[in-house]
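Whatever order the structure lists ligands and atoms in, that order sets their numbers, starting from 1. If you read the sequence from its start, that first residue is 1, and numbering goes on from there.
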Amino acid sequence: MTHKVGEICPGCGVPFQETRPDQPGYLPPGVRESRPGEELICRSCYRLAHYGEFLPRENWSDEEYHQVLKEALSLADLALVIIDLLDFEGSWWPAIWDEIPAEMPVVFIGNKVDLLPKVAQPEEIRDWLAGQVKRTGRKIQKIILTSAKTGEGFEELEKIVAASGSTAVIGATNTGKSSLVHRLMAGTGSRRAPVVSAFPGTTLGVIPVQVRGENRTLLDTPGLIPPGRLSDYYCSQCASRFIPDKPITSLLYELKPGQSLLFGAVAALTLEEMAQGERAVLLCYAPGGVKIHRTNSRRIPEIFEHAGDWLVPPCRECSVPEYANWDRVSVEVPEGQDLAISGLGWISLRKTGARLKLELLPGTRFRTRPALIGPR
Ligand SMILES: Nc1nc2c(ncn2[C@@H]2O[C@H](COP(=O)(O)OP(=O)(O)OP(=O)(O)O)[C@@H](O)[C@H]2O)c(=O)[nH]1
Ligand SMILES: [Mg+2]
Ligand SMILES: [Zn+2]
Ligand SMILES: [Zn+2]
């Protein structure tokens, strides 16, 4: 199925409709006819772009997502698979390979490279990504680190995209697919632009962007919300707290057994035991919007109860299971490895391995992994 230009909202990809004002795609009756030739976006896109008001998408099932992805890939001859370097666990699901035809060339994009700490070496990060992809057995054409914000990596990416007729940009929500399309469009003369926002689920349908004067199309797509992503359990007003707006810094903490690090009131990490020595050294990598606090583990229930405004996120409006009902697991983290929490960030163990108790909302995913940013 192809979309004729003008049938769908170029902001979110939903077909225009004139009957349900509270739903995406709404344009008041007659508006399109009275403003021919104008680039109109639907009411919910307008409110999001101009007032930051977000309408969380309803009844969006995995089934629907797969359908839309299939549609985009059926129109494409190149796939850009995009992950968020700040949240690999929350933006990557290897099963995506099952959706992409085996013969379709794939470029793997590690986006938001501008947000990595300055000490991160691009070569090492690329090798790390290559190692992760290799385990899945899928051949890819290239790995490129990009920043849709600063333009890093786009010279290389643009050459590849220019050689392809139709390029689908796919990946989890909030990885920066629409931002990437924006940057690829710059200078192509196209005025149709997908809306970008910090809320997951901004793009709702396939948005074809025609490169003016050329027979080329970019296909922006909605993102899958990967299961178990911590940030998705909190309200849409908290969404921006989980998205860094400047390079993250690694914060170093030393913990003795029984001491804890609180990530807002959304995750708690307690040192149970070290492999050696008296203290464990933890480097924490988390978005600046998440306040980190060190305390004695016994104090956690009391702190969480009164976290209120100072230990954010969450905000007061968020409704999530209370602390007593969280998941509690003991995790062995070897020296030099990361413990990554999907949708939040990661800690890296230096000097000695340790056993940590991790407390999180039920269902939140985490894993230990080789350190993304090597010890220096
Ligand atoms: N610093 C930085 N921020 C980025 C980059 N790319 C995207 N963002 C931000 O990440 C958030 C999500 O960007 P979008 O382009 O809307 O992401 P998307 O993948 O299209 O998201 P959905 O449409 O919801 O699936 C926005 O706040 C962007 O400003 C980048 O390279 N660097
Ligand atoms: Mg988008
Ligand atoms: Zn729209
Ligand atoms: Zn909230």
- Please check if any side-chain donor atom of S91 sits under 3.5 Å from a side-chain acceptor atom of D84, or the reverse.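 No, no side-chain donor-acceptor contact under 3.5 Å.
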
- Query: Is there a donor-acceptor contact under 3.5 Å linking the side chains of R229 and T173?
  - Reply: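 Short answer, yes.
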
- Message: Under a 4.0 Å threshold between the charged nitrogen and the carboxylate oxygen, would E89 count as salt-bridged to R365?
- Response: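 A salt bridge is absent here (no side-chain N lies under 4.0 Å from a carboxylate O).
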
Nearest heavy-atom pair of [X] and [Y]: which atoms, and what distance?
X	Y	answer
S147	N111	CA-OD1, 3.7 Å
D232	P226	OD2-O, 4.2 Å
K177	G223	NZ-CA, 3.7 Å
F16	P10	CZ-CD, 3.9 Å
A79	I100	CB-CG2, 4.4 Å

- At the Zn ion (ligand 4), what's the angle from C315 SG to C318 SG, rounded to 10 degrees?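 The SG/SG angle about the Zn ion (ligand 4) sits at 120°.
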
- Task: Would you give the angle at the Zn ion (ligand 4) between C238 atom SG and C235 atom SG, to the nearest 10°?
- Result: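 The angle at the Zn ion (ligand 4) comes to 120°, rounded to the nearest 10°.
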
- Query: Can you tell me if T221 has an N, O or S atom under 2.8 Å away from the Mg ion (ligand 2)?
  - Reply: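 It does not: T221 brings no N, O or S atom closer than 2.8 Å to the Mg ion (ligand 2).
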
- Is S178 close enough to the Mg ion (ligand 2) to have an N, O or S atom under 2.8 Å?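 It does; at least one qualifying atom falls short of 2.8 Å.
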
- Task: May I ask you to determine how many protein N/O/S atoms are under 2.8 Å from the Zn ion (ligand 3)?
- Result: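 With waters ignored, the protein N/O/S count below 2.8 Å is 4.
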
